[in-house]
Amino acid sequence: MMTETQLLVWLRGPALQVAIAIFVVGVAVRLLEVLVLGRKADLAEARGSAVAGGMRTILMRSFPDRATLQRAAFTEITGYIFHIGFFVTLLFYAPHILLFNSALGISWPALPTPVIDATAVVTIITLVAVLIHRLTNRVMRFLSRFQDYLVWLLTILPVVTGYIAFHRIGVTPPILIAIHIISVELFLIVFPFTKLMHAFTLFMSRYYNGAIAGYRGVKS
Amino acid sequence: MSGLTNSEDLKVVPGEFLTGNVQPLLHEIRHAMGRLLDEGEATVIDLRSIPLAPGEEDRLLRELGRGEVAAHLSALGPSELVESRFPGVWIVTHYNSDSEVIGRFIEVCDMPGLLKAQQDDIRDGLAALEARLACSTDA
Amino acid sequence: MSASLERGIHAFKEAIDGPVASFFSSCVHCGLCAHACLFYTETGDPKYTPIHKLEPLRRVWKQEYTFWGRYARAFGLSKPVTDEELGEWETLVYDSCTMCGRCSMVCPVGNDIAYMIRRTREGMAAAGHAPEGLIGASRRAVTIGSPMGVKLPALEAQIRHLEQEAGLTIPVDLEGADYMCLLSSMEIMNFPEYIGAIARIFKQANVSWTISSEAFEATNSGIQIGVSEIAAELVQRVVDAAEKLQVKAVISPECGHAYMAIRWEGPNLIGKPFSFQVMHIMEVLDQLREEGRLKTTGKEKQRLTYHDPCQIARRGGVLEQPRNLLNIVAEDFVEMPEAGKMNWCCGAGGGVSANERADELRLRVFNRKKSQLDAVRAEGLVTACSNCRIYLEEGLEEYHMDIPVTGLTETIAEHLVEEGEGGER
Amino acid sequence: MSKDNTLGEILRKQGVSRRGFLKFCAATASLMALPPGMAPVIAQALEKARRPSVIWLSFQECTGCTESLTRSYSPTVEGLIFDAISLDYHHTLMAASGTAAEAAREAAMEQSYGNYILVVDGSIPTRNAGFSTIAGVSNRDMLLDTARGAAAIVAVGTCAAFGGIPHANPNPTGAVSVSDLIKDKPIINVSGCPPIPVVITGVLAHFLTFGAIPDLDSHGRPVAFYGKSIHDRCYRRPFYDRGLFAESFDDEGAKSGWCLYKLGCKGPTTYNACATTKWNEGTSFPIESGHPCLGCSEPDFWDGGGFYKAISTPTEDIGRTAVYAIGGGAAAGLALGAINRAKRNKAEKEHEQVTIDDLEKGD
């Protein structure tokens with residue numbers, strides 16, 4: 001039987017390599033499948049700059065206009081909280097920074113662990129609220145397919161298992177850490193086949209949106 | 001490397017975030033004394049099973065200090081049974097023949113059991129005395 | 001040859017480009033676009049969620065243009081688009097969408113949903129799922145020259161009428177003029193004052209302009225129904241006429257989709273840049289205002305507000321000009337809430353008004369525009385699109401609100417300094 | 001001292017007073033990490049305890065475990081335990097050698113067949129019996145033979161418990177642990193490289209006292225000593241919880257005794273009593289002296305991904321994998337993209353004119 005140490009070594013080694021490979025190849029393919037399709041040049045006389053418009057929208061579309069914020073406050077606010085929470089937990093927890101450092105060679109200062117711990121809790125609670133909203137809100141329930149719930153699960157699992165592993169609740173810690181790594185690898189493997197791709201394609205989408213509008217002199 | 005730095009500055013000086021085991025232990029002793037008074041129940045704390053940071057054991061013993069009684073037992077190596085400055089709180093330390101500590105306990109009781117003479121020992125003592133009296137007539 | 005599912009799917013395959021693929025890859029089903037669409041906010045029916053209207057195009061993209069989708073299709077795991085589905089989606093893509101582009105402005109990942117609706121209609125039309133009203137309008141536009149069946153004699157009658165009564169000169173087929181004006185059938189039939197207005201303004205500002213007898217129609221049913229060939233044919237007529245008359249610029253009248261068709265889609269439809277400029281009438285008027293060639297007196301007293309036609313403002317980029325113009329002729333001009341690039345649609349654009357089946361829904365969602373007007377307690381409503389204008393009037397009537405609706409050019413013309421009156425030169 | 005009288009009688013004969021015996025029981029209770037209140041129970045049990053015979057077999061081992069045991073810091077207590085048990089066979093400790101030694105072992109096995117304790121240290125080579133033999137008998141055969149009559153087997157050290165160094169990749173001798181070969185006997189794994197001396201004597205004392213094996217965890221290790229991970233009992237845990245880590249072995253963090261996670265500490269995934277029982281008479285343990293825990297009481301800790309690499313770091317070169325994947329992905333993406341583009345352009349070429357007559361389905 002594979003011992004816990006061997007399991008952890010395998011998970012942090014070959015399994016992580018496979019997951020990263022699938023993730024990187026998948027994302028590259030999906031991005032190129034979009035970019036290579038390309039866009040015909042606009043023959044109309046330009047009023048504004050498409051590139052400036054595109055760049056601007058990439059940034060400004062992160063800030064909702066007041067009316068949309070009022071109409072869909074819950075979606076907007078929970079969206080911000082769990083995205084920021086997820087990235088803070090991922091990018092500023094000291095052991096995670098070690099992981100990025102050994103894989104990419106770059107490093108940055110960490111946040112104190114209690115801050116990360118609190119952020120993780122807030123993220124988990126918000127994600128649960130988001131699921132309830134997706135199940136109860138008329139529009140979201142109408143739009144949601146199996147993939148939306150799968151992606152929700154795959155997003156919350158790393159945070160929950162990470163929290164449990166840190167607080168060592170229940171089963172022996174090496175297994176908890178193993179479960180945490182497995183949940184992350186699952187997230188990476190499924191990533192290119194789901195709407196998680198929005199993490200990359202949103203920049204292209206916002207650019208196109210802004211370029212089309214900017215060409216015509218509209219700040220979209 | 002410009003020569004060996006002296007060992008002084010290599011000594012690990014625990015930062016001010018000491019793990020703070022001393023404070024909780026004193027509270028545990030406080031509760032034990034309460035139980036001793038209310039229900040007459042004795043408590044023994046084995047310091048060996050607590051992850052004490054370097055220097056914390058000494059700080060604890062300094063906090064407890066020394067009281068009126070300090071007994072010395074020599075059986076299978078020496079042992080010290082010292083009452084702390086808080087009556088009823090005894091520090092029992094067992095050493096082996098090379099006077100290395102093999103166990104240190106905080107006993108909260110009226111008197112540690114080891115101080116009392118044991119029935120078997122008394123019986124043996126009585127037998128030894130009777131033998132002594134039997135063999136010499138000039139009492 | 002007749003419309004068919006295959007031709008529809010084929011048109012979908014042609015319609016998918018980088019942006020469409022990027023948009024479909026980015027949608028996270030958050031539902032925010034619904035909150036920007038008046039067809040959802042006023043009915044509360046989730047089927048009107050904008051991104052949902054693109055389901056057929058999405059499935060074609062997934063099955064044809066993604067590795068995973070093709071793989072799933074090969075194993076029969078994916079659901080090809082059926083004719084019944086296109087039938088079902090017809091009312092979503094046509095009746096409940098004016099391509100106003102509000103959803104494209106709020107989508108957090110930046111999906112331009114209106115861009116994709118325009119391309120979805122290419123497939124729907126080719127598959128024979130365009131609404132009756134729009135098919136009729138397109139036929140009339142191609143055969144007669146105007147979706148409302150307006151022929152040259154009708155225009156000439158209006159011109160004679162204006163020349164005799166108002167003593168104006170409306171130059172027709174004047175070669176070498178600077179500007180060639182287009183007119184929408186709606187203006188010729190219902191708001192001929194527009195023609196009088198531009199005649200008087202151009203006379204005062206001595207602008208050399210003309211109307212072409214061969215291509216006076218500005219509207220373009222092709223881009224509403226979603227058949228680029230028809231749209232190209234209609235645009236080509238205007239280009240031929242403009243080149244024949246060697247004008248420097250063509251003026252798009254007070255009509256929303258006409259501006260979109262000629263200014264932004266035109267060159268791309270016919271495949272080459274125009275040899276002349278295209279300006280919306282308000283761009284011309286604002287230019288005249290800046291050059292001081294627009295002399296007006298007196299101001300409208302009542303509380304006026306302005307409705308931004310979507311294809312001119314949000315999708316067209318003409319935003320400041322109407323404000324500049326209104327400020328010189330209105331004392332109490334007040335902006336509606338969310339005015340400008342985020343203004344709400346009148347509900348009639350993008351071919352919805354030509355589609356009788358959608359009338360009941362259109363009037364129902366007009367409630368959104370009503371709440372904007374209530375919020376600002378307007379006594380007068382000005383706009384720059386005759387289609388908006390007539391259906392704003394219909395909506396206001398439906399909701400028993402008597403607010404007069406006027407065209408901006410006409411309002412400017414009413415305040416022109418009269419000839420010889422010696423107004424401040 | 002014959003084997004049949006009890007420990008109580010032996011002590012009495014040696015002139016140890018009852019008080020001395022109670023001190024011994026208190027120390028033993030602490031030894032076995034049992035609650036101090038158990039001392040009376042232990043006293044009762046120890047008195048009636050029979051003197052089991054112990055056979056100590058050393059196979060592929062470095063004698064580190066024996067060193068650790070004999071240096072155990074309570075010789076008086078050890079002495080007693082060793083007096084209490086009759087260690088009938090131990091290469092290093094016994095005077096006899098060669099055939100006499102083997103004879104002593106056979107004699108011990110016959111005499112208390114079925115209730116002697118077999119203590120093993122070192123792993124057992126299986127690839128070729130010749131790798132490690134005693135008196136011409138291969139370790140494997142000797143283990144199987146001796147184990148038959150044993151009441152219980154104590155595998156001392158990670159080698160005997162899980163295979164240890166010999167078992168580490170590439171394991172040339174095909175070394176296996178005791179529990180890989182013996183399936184039908186209760187086995188207590190006292191892992192650690194070496195195990196804490198107190199833990200060895202504690203397990204023997206437990207068997208002596210209660211005549212039964214202590215409760216064991218999933219790896220067959222006594223829960224009393226291996227129930228908690230080093231991390232759970234580490235006095236530096238508050239620094240981990242606050243995110244205060246030593247970045248290198250001589251930086252400010254290391255000098256202030258902060259957590260050694262970033263220097264590769266395996267505390268979180270290692271089970272042992274180092275943090276409380278500590279080493280060398282309770283002086284310190286690896287982490288307290290500033291070195292990250294190696295995880296020596298865990299199976300395969302030699303191949304655990306590098307002693308100085310933190311648990312959260314990958315054990316393979318992820319950066320290189322990502323670079324290859326980017327290359328592969330880009331190639332595949334361009335190819336698939338080209339196919340898409342060709343398909344779209346073909347669709348455009350084969351475009352059929354849609355005129356106003358093609359807007360209705362053929363009826």
Side-chain angles (χ1 to χ4, degrees), chain A residues 2-6 8-38 92-105 110-117 165-166 168 172-178 181 192, chain D residues 162 217-219 229 231-232 239-245 247 259 261-262 264 266-271 295 298-306 309-341 343-344:
Chain A
M2 193 185 223
T3 62
E4 283 158 10
T5 319
Q6 280 170 330
L8 276 178
V9 167
W10 180 74
L11 283 174
R12 291 159 51 207
L16 185 56
Q17 279 180 307
V18 167
I20 291 285
I22 292 173
F23 171 73
V24 170
V25 170
V27 168
V29 165
R30 282 290 298 269
L31 294 184
L32 286 169
E33 271 181 340
V34 168
L35 289 171
V36 171
L37 274 177
F92 290 101
Y93 179 50
H96 289 166
I97 294 173
L98 286 178
L99 170 66
F100 297 126
N101 186 15
S102 69
L104 310 171
L111 283 174
T113 310
V115 169
I116 303 293
D117 198 33
F166 175 74
R168 322 171 83 69
T172 60
I175 299 291
L176 293 179
I177 295 172
I181 296 173
Chain D
F162 306 121
D217 70 3
S218 57
H219 286 301
S229 76
H231 190 64
D232 288 339
F239 298 136
Y240 171 84
D241 288 344
R242 278 186 189 72
L244 300 169
F245 300 100
E247 303 289 337
C259 171
Y261 185 94
K262 291 192 170 182
K266 301 298 182 301
T269 56
T270 308
Y271 291 81
E298 292 305 316
D300 308 310
F301 75 100
W302 290 101
D303 310 319
K309 278 168 69 68
I311 296 173
S312 66
T313 52
T315 51
E316 298 286 349
D317 186 345
I318 298 301
R320 202 156 42 81
T321 316
V323 168
Y324 286 149
I326 288 172
L334 288 173
L336 290 167
I339 292 169
N340 288 352
R341 199 180 175 88
K343 171 184 284 190
R344 206 267 314 279

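Every chain is numbered from 1 and lettered A, B, ... according to where its sequence line falls, protein lines coming before strand lines.
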Closest non-hydrogen atom pair, [X] against [Y]:
X	Y	answer
A/Thr3	D/Pro299	CG2-CB, 3.6 Å
D/Arg341	A/Leu37	NH1-O, 3.2 Å
A/Val29	D/Ala332	CG2-CB, 3.8 Å
D/Gly304	A/Thr5	CA-CG2, 3.9 Å
A/Arg12	D/Thr313	NE-O, 2.8 Å
A/Ala21	D/Thr321	CB-CG2, 4.4 Å

A/Leu35, A/Leu111, A/Ile20: which one forms the most heavy-atom pairs within less than 4.5 Å of chain D? A/Ile20
Best-contacting candidate, A/Ala28, A/Pro14, A/Pro95, against chain D by heavy atom pairs under 4.5 angstrom: A/Pro95
Is there a side-chain contact between [X] and [Y], using heavy atoms and a 4.5 Å cut-off?
X	Y	answer
A/His96	D/Ser312	no
A/Arg168	D/Ser229	yes
A/Leu98	D/Lys262	yes
A/Phe166	D/Pro268	no

Flag, side chain of D/Arg242 to backbone of A/Pro112, donor-acceptor distance under 3.5 Å: no
For each of [options], tally heavy-atom pairs with chain A at distances under 4.5 Å, and name the one with the top tally.
options	result
D/Ala335, D/Gly243, D/Pro314	D/Pro314
D/Lys309, D/Lys266, D/Arg320, D/His231	D/His231
D/Asp241, D/Asp317, D/Asn340	D/Asp241
D/Leu334, D/Ile311, D/Asp303	D/Ile311

What part of [X] lies closer than 4.5 angstrom to a heavy atom of chain A: side chain, backbone, both or neither?
X	answer
D/Phe162	neither
D/Asp300	both
D/Ala331	neither
D/Asp217	neither

Chain D heavy atoms under 4.5 Å from [X]: which part of the residue, side chain, backbone, both or neither?
X	answer
A/Leu8	side chain
A/Ile177	side chain
A/Ala103	both

About how many Å separate [atom2] of [Y] and [atom1] of [X], when rounded to the nearest 0.5 Å?
X	Y	atom1	atom2	result
D/Ile318	A/Leu99	CD1	CG	8.0 Å
A/Thr113	D/Leu244	OG1	CG	7.5 Å
A/Glu4	D/Thr270	CD	OG1	10.0 Å

